[in-house]
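Below is one structure, written out as structure tokens; comments come after it.
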Amino acid sequence: MNTAATPSISPGSLDIGVKGMTCASCVGRVERALKKVPGVQSVAVNLATESARIVYAPSDNMEARLRRAVRDAGYEPVSADAAIDAPDASAWAGFMPVAIGLALSAPLVLPMLGGLLGWHWMLPPWAQFVLATPVQFILGARFYKAGWHAAKNLAGNMDLLVALGTTAGWVLSVWLWLTAAPDVMPHLYFEGSAVVITMVLLGKWLEARAKRQTTSAIRALHGLRPATAHLIGLDGEVDVPVAEVLVGDRLVVKPGERLPTDGVLQQGQTQVDESMLTGEPLPVVKDPGALLTGGSINGDGRIVMQVKAVGVDTVLAHIIRLVEDAQAAKAPIQRLVDQVSAVFVPVVLVIALFTWLGWWLTGHPFEVAVINAVTVLVIACPCALGLATPAAIMAGTGVAAKYGILIKDAQALELAHKVDVVAFDKTGTLTVGQPRLTAFQAVAGGDEVTLLTAAASLQSGSEHPLARAVVAAANERGLRIHPPVNVQAVPGRGTEGEVRATDGNEAAQPTYLIGSLRWMDELGVDWRALSAPATQLQAEGATVSLLAQRWAATAAQAERIEVLALLAFADEPKPGAQAAVAALRARGIKTVMISGDNQGAAEVMARRLGLRPENGEVRAEVLPGDKAAQVLALQRGGHTVAMVGDGVNDAPALTAADVGMAMANVGGGGSDVAMHAAGITLMRGDPALVAAALDISGRTVAKIRQNLFWAFAYNVAGIPLAALGFLNPVVAGAAMAMSSVSVMSNALLLKRWKPGK
């Protein structure tokens with residue numbers, strides 16, 4: 001028997017645009033159709049973006065089968081970005097059907113309005129028929145088509161309700177006209193059906209305009225990608241499509257142009273406007289060797305850059321993907337809406353049937369019973385329910401992205417407003433993250449130059465901030481750094497390795513260790529000779545490490561480790577970090593700093609940041625692997641926790657937190673691992689964005705709740721009023737159309753949001 005493990009196959013993901021959806025019931029129908037395709041694991045359909053995201057087990061021709069399922073359900077599969085990438089149209093684009101409907105309906109409605117003023121005149125039945133019929137069957141053809149597809153699939157949607165209601169009104173009017181006695185002017189309802197269709201078309205036009213505004217953030221990001229690049233080739237400078245640019249190519253970027261892709265500045269000096277990516281309004285000075293981000297705007301210098309990333313690997317592509325993920329995702333609260341929508345239309349049809357029977361069986365005229373049933377069908381459209389959540393999410397995530405806050409998933413957006421504890425990683429998050437070597441002290445008799453050279457050589461291959469500080473200090477003193485061998489990093493503790501002897505003896509490769517006091521204690525190192533200066537430096541807020549040498553065992557004595565020198569490092573709080581902590585406290589949110597420093601050093605830095613160690617706002621001497629445990633401990637205390645970090649070692653804590661926030665600086669310094677683990681990415685290293693992210697979350701969730709309240713309240717109040725005869729189809733049609741517009745307009749108010757306001 002073959003016992004070899006079967007390799008795991010990662011599921012695939014596909015986005016498909018779905019054209020023709022009109023309400024929440026359509027969303028449910030598309031989802032059910034896609035879930036029936038073998039291999040599909042999950043489906044999320046978004047009415048506002050008119051798209052579906054499908055996760056599936058890899059299979060042959062899966063995309064073709066998914067598109068066929070969409071088409072069989074009565075909708076048109078299109079490009080996932082069709083709604084976003086559509087060219088900008090004029091403000092009145094698509095208004096022609098509405099204008100025709102208004103022109104044909106106006107002569108039907110004006111006599112009714114004239115009656116209120118004592119003008120008793122009415123168009124003859126044949127004229128009403130001529131005006132109303134094109135509206136009913138030409139302008140209203142879309143409702144019949146979509147409604148028929150819904151009926152074939154034993155489902156219901158807005159189109160079916162509108163088609164049934166208006167057709168009933170039109171048929172009733174024809175029947176009353178044809179059966180009326182000669183020279184008798186019957187009361188007809190052509191105007192009701194015509195106006196309802198016109199009002200729905202008007203509402204859909206307004207809704208489409210509002211949708212266009214909610215996708216403005218995505219369209220703006222797509223617009224940052226230049227079409228061409230100035231490539232330095234064998235024959236000089238030549239313009240090529242950006243899609244043909246390769247990693248390693250050298251490109252010329254002229255003043256005022258957008259950078260075509262990510263790269264490194266090779267020649268020239270300039271200032272770059274990265275505001276669309278980070279929200280930071282001030283240009284950033286770029287010297288040779290600086291990282292450049294595609295989509296940002298070159299200042300007044302002509303520069304030459306070398307390409308480091310293209311296509312989906314660029315920072316801009318990653319940002320676009322994060323925003324699209326958030327806007328395509330479905331918030332947990334949307335599940336309630338989906339459950340309601342699944343049964344909504346059948347329930348409305350039953351209510352309309354009972355309304356008709358109730359009025360007719362209680363002795364009212366047949367036409368009155370039909371009109372009240374029609375009013376129920378018209379007013380009960382679930383459009384507003386389907387748009388309430390996605391419209392708010394799109395507006396909220398869009399405006400957040402404008403200011404450098406990328407909300408990756410809707411669950412993080414919905415949870416963030418509940419956060420009552422924010423846990424910060426210290427280094428690089430609350431502090432600058434570029435510690436300096438502020439003290440180097442050798443034990444009595446030690447040569448500081450030799451020992452600093454050894455320490456810098458051992459650390460020369462590490463990217464740890466403290467290691468870079470040691471190397472920088474050695475370079476400042478002009479010391480020669482030797483390449484280390486057999487280097488072994490001990491996470492959270494230090495580094496051990498061999499360094500070439502400084503006396504020129506090539507055979508001698510002393511083994512050095514450099515690391516924390518805790519590690520030295522674990523190894524049994526006696527460092528009492530340096531305990532006094534170490535204690536004093538820690539009290540001043542410095543991070544203290546020790547340099548030691550490991551001596552191999554000999555016949556005379558066992559292996560031993562001897563301390564050689566003390567190193568002290570200091571970091572500075574980020575500008576605005578103290579104000580950010582104060583802003584969170586003003587919101588009633590507790591702030592906790594998690595640090596690997598000793599308790600004394602951590603408390604000194606905490607007080608500089610405005611934190612209160614006496615209130616448990618400092619967690620010191622925490623190993624990288626234990627950060628997640630600290631988050632879990634806060635959660636066990638009944639708190640909703642947000643974790644803010646910027647490094648690979650923060651990823652477990654970011655995942656464990658209710659809301660993870662990764663702090664990533666565009667152009668460098670950010671960690672892709674942290675960004676993938678977090679639900680929210682802060683595109684610049686400003687701690688003030690944490691409070692801003694919580695604020696936009698709260699405002700977006702408030703809009704979702706407002707929209708859902710009004711959408712539910714509209715139907716809860718409107719259906720009984722219609723069933724009891726207090727409304728007519730014209731009023732119901734106008735109210736139904738405006739309900740969707742009001743939901744979209746309310747969501748668009750989020751576009752006024754700015755951080756700190």
Side-chain angles (χ1 to χ4, degrees), residues 10 13 15 80-81 85 217-218 220-233 237-254 257-280 283-299 301-326 401 404-406 408 428 463 646-648 651 662-678 681-685:
S10 301
S13 177
D15 291 344
D81 293 330
D85 291 338
I218 288 287
L221 289 171
H222 278 272
L224 296 180
R225 298 177 295 195
T228 60
H230 311 306
L231 174 68
I232 300 178
E237 186 179 319
V238 59
D239 288 351
V240 298
V242 170
E244 296 180 12
V245 172
L246 302 175
V247 173
D249 284 346
R250 296 172 70 236
L251 307 176
V252 171
V253 185
K254 300 174 182 178
E257 292 184 336
R258 290 196 181 275
L259 302 179
T261 186
D262 296 353
V264 176
L265 179 59
Q266 281 195 331
Q267 298 176 19
Q269 185 181 47
T270 190
Q271 291 184 331
V272 175
D273 178 2
E274 298 176 340
S275 59
M276 189 56 205
L277 303 175
T278 66
E280 175 59 53
V284 181
V285 176
K286 300 289 185 179
D287 296 312
L291 295 176
L292 302 172
T293 306
S296 50
I297 301 175
N298 183 30
R302 182 185 184 276
I303 60 173
V304 175
M305 62 177 288
Q306 184 173 30
V307 177
K308 292 297 182 183
V310 296
V312 296
D313 297 325
T314 62
V315 171
L316 178 58
H318 183 62
I319 291 173
I320 291 173
R321 183 66 177 176
L322 285 176
V323 178
E324 287 178 338
D325 286 349
I405 303 169
L406 303 186
K408 188 168 69 175
E463 290 299 317
D646 71 330
V648 173
M663 194 171 281
N665 298 310
V666 168
S671 166
D672 286 342
V673 176
M675 291 170 69
H676 284 298
T681 298
L682 311 177
M683 291 308 297
R684 64 179 190 274

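Residues take their numbers from the sequence shown, with the count starting at 1.
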Original post:
Quick one: which of T270, V253, I303, V264 gives a side chain to side chain contact (heavy atoms under 4.5 Å, CB included) with L292?
Top reply: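 One option only clears the test, and that one is I303.
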For the side chain of [X] and the backbone of [Y], is there at least one donor-acceptor N/O pair under 3.5 Å apart?
X    : Y    : result
N298 : G301 : yes
T261 : G294 : no
D262 : K308 : no

Looking at [X] and [Y], what are the two nearest heavy atoms and their distance?
X    : Y    : answer
P226 : V242 : O-CG2, 3.1 Å
P260 : M305 : CD-SD, 4.2 Å
P288 : Q266 : CB-O, 3.9 Å
K286 : L265 : O-CD2, 3.5 Å
T293 : S296 : O-OG, 2.5 Å
L316 : R225 : CD2-CG, 3.5 Å

**OP:** Could you check if a side-chain atom of V307 sits within less than 4.5 angstrom of a side-chain atom of L246, using non-hydrogen atoms only?
**Re:**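 With C-beta onward as the side chain, the pair stays apart.
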Subject >> Side chain to side chain, L231 and V245, heavy atoms closer than 4.5 Å >> reply: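 Not in contact.
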Original post:
What pairs of residues pass the side-chain hydrogen bond (donor to acceptor under 3.5 Å, both in side chains) test when at least one of them lies in residues 239-249, not counting sequence neighbours?
Top reply: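 As it turns out, the side-chain hydrogen bond (donor to acceptor under 3.5 Å, both in side chains) pairs with a partner in residues 239-249, which skip direct neighbours, are H230-D239.
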I need the [X] [atom1] to [Y] [atom2] distance, nearest 0.5 Å.
X    : Y    : atom1 : atom2 : value
E237 : I232 : CD    : CD1   : 6.5 Å
R684 : M663 : CZ    : CE    : 10.0 Å
L406 : T681 : CG    : OG1   : 6.0 Å
I297 : Q271 : CD1   : CD    : 13.0 Å

**OP:** Show your working on side chain to side chain contact (heavy atoms under 4.5 Å, CB included) between L682 and I405 and close with a plain yes or no.
**Re:** CA-CA 5 Å; L682 311 177; I405 303 169; 4.2 Å; yes
